Amino acid sequence: MKGPTQDAHIGRPKGAACTINPPTESGSTILFPDYASFRDQTQPLHYGRGGAGTHRAFEESLMALEGATSVTLAGCGMGAISLDILRLTSSGGHILCPDSAYDPTRSFCDGFLTRMGVETTYYDPLIGGDIKSLIKPNTQLIFCESPGSLTFEIQDIPAIVAAAGDLPVLVDNTYGAGVHFRPLDLGAVVSIQAITKYVGGHSDILMGAVMTADRGIGAKVQKTAKQLGLSVSAQDVALAHRGLRTLHRRLAVHEKSGLALARYLETRPEVTQVLHPGLEAHPQHALWARDGMGTNGLFSIVTSWTDDQQTEAFINALTLFGLGYSWGGYESLCTPAWPAKVRTAVPWTEQGQLFRFHVGLEDIDDLTADLEQAFDKAR
Ligand SMILES: *Cc1c(COP(=O)(O)O)cnc(C)c1O
């Protein structure tokens, strides 16, 4: 079954006299039919903390999306990232994390993990198979994120998986969304998504998911989620599942519009770099294409100006691009960012101002005109 068909058909109630969508089953208590089933815990659903039918249906759709054997839901993407790193590390351990990782992931490593006695080494996201030289006897996992947050470096996941040997490779796959990238097919053991972004798709929920290709890791992550008391409401799961129904179709539009706007920005004299893996000029374009990926509405530019007043004029002039965190919804966003402030392994040396765009589902001519007038005001 192809992606859009899966989106529409997997995770639905079976039979004739039922609604198309799984019912929204919220609640704490789940009844057992009799004493024996209670004593022996023979039924799959025990208690509302782990969700019920609504959750299981959504998890079935996510497993099909990523080719996973297990899914654990968390209250947001960051919850999913910290959950599986916590499960796979222990005091005295060490992890590898790309220098281009999502900033809150770094914050978790530098804060929580350090306090727990787990050391993090940040590595050049372009390191590929040379990551082997950074593996220590106490290394417990290799974390990846491709493309890198804000700066869009593409990682060679198959080379990293090969160098990792028995070490689990975890990939933050929020960008690929299981549509344009399936890390589990390439040998990673864990794929994580902020469901908040493209699966949710409407900027109305926060949720995260840990998807695993089992080596026993799925059950361990599920158990830890229970111990930590991570729980997701059935209402949010129903919204996320509604988003997933149109995921492939929406992404096709985000991809087309994103590329069109990136190509337009390449022609602007104020723009010195367009950081978009789908453009031939992107330094890892061939690697991206090799692993069979598409793109979406997310990319960055670097401007020739460094003046903060020009940045302010540009941002404030935009009318269709909102200024705010997150992405993956139906609406366009433009946020300035300063990667030089956080990098430790490879300094970010671009002098100009970086802006990250999320291209939503609006008409591309309207978006282009909005940028055009904002560039005029920034001049
Ligand atoms: C947004 C994001 C997250 C975190 O998701 P939340 O649901 O906001 O916690 C993690 N990774 C990446 C790459 C993201 O863009």
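Because the structure is predicted, anything quoted here is derived from the model rather than measured. When a ligand or atom number is given, it counts from 1 through the structure's own listing order.
- Tyr330 and His202 have tilted rings, their planes meeting at an angle from 30° to 60° on a 0 to 90° scale.
- In this structure, the ring of Phe357 has its center less than 6.0 angstrom from the ring center of Phe321.
- Under 4.0 Å is where a charged nitrogen must lie from a carboxylate oxygen, and between Arg263 and Glu280 at least one such pair does.
- A side-chain donor-acceptor contact under 3.5 Å links Asp172 and Thr174.
- A cation-pi arrangement is not found for Arg250 relative to Tyr198, the charged atom failing to lie both closer than 6.0 Å to the ring centre and inside a 45° cone about the ring normal.
- Checked for salt-bridge contact, Arg87 and Asp84 miss the test: no charged N lies under 4.0 Å from a carboxylate O.
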Table of N or O contacts for ligand 1, cutoff 3.5 Å:
| residue | atom | partner | partner atom | Å |
| --- | --- | --- | --- | --- |
| ligand 1 | 7 (O) | Gly77 | N | 2.7 |
| ligand 1 | 7 (O) | Thr196 | OG1 | 2.6 |
| ligand 1 | 9 (O) | Gly77 | N | 3.1 |
| ligand 1 | 9 (O) | Met78 | N | 2.8 |
| ligand 1 | 11 (N) | Asp172 | OD2 | 2.7 |
| ligand 1 | 15 (O) | Lys197 | NZ | 2.6 |
| ligand 1 | 15 (O) | Trp327 | NE1 | 3.2 |

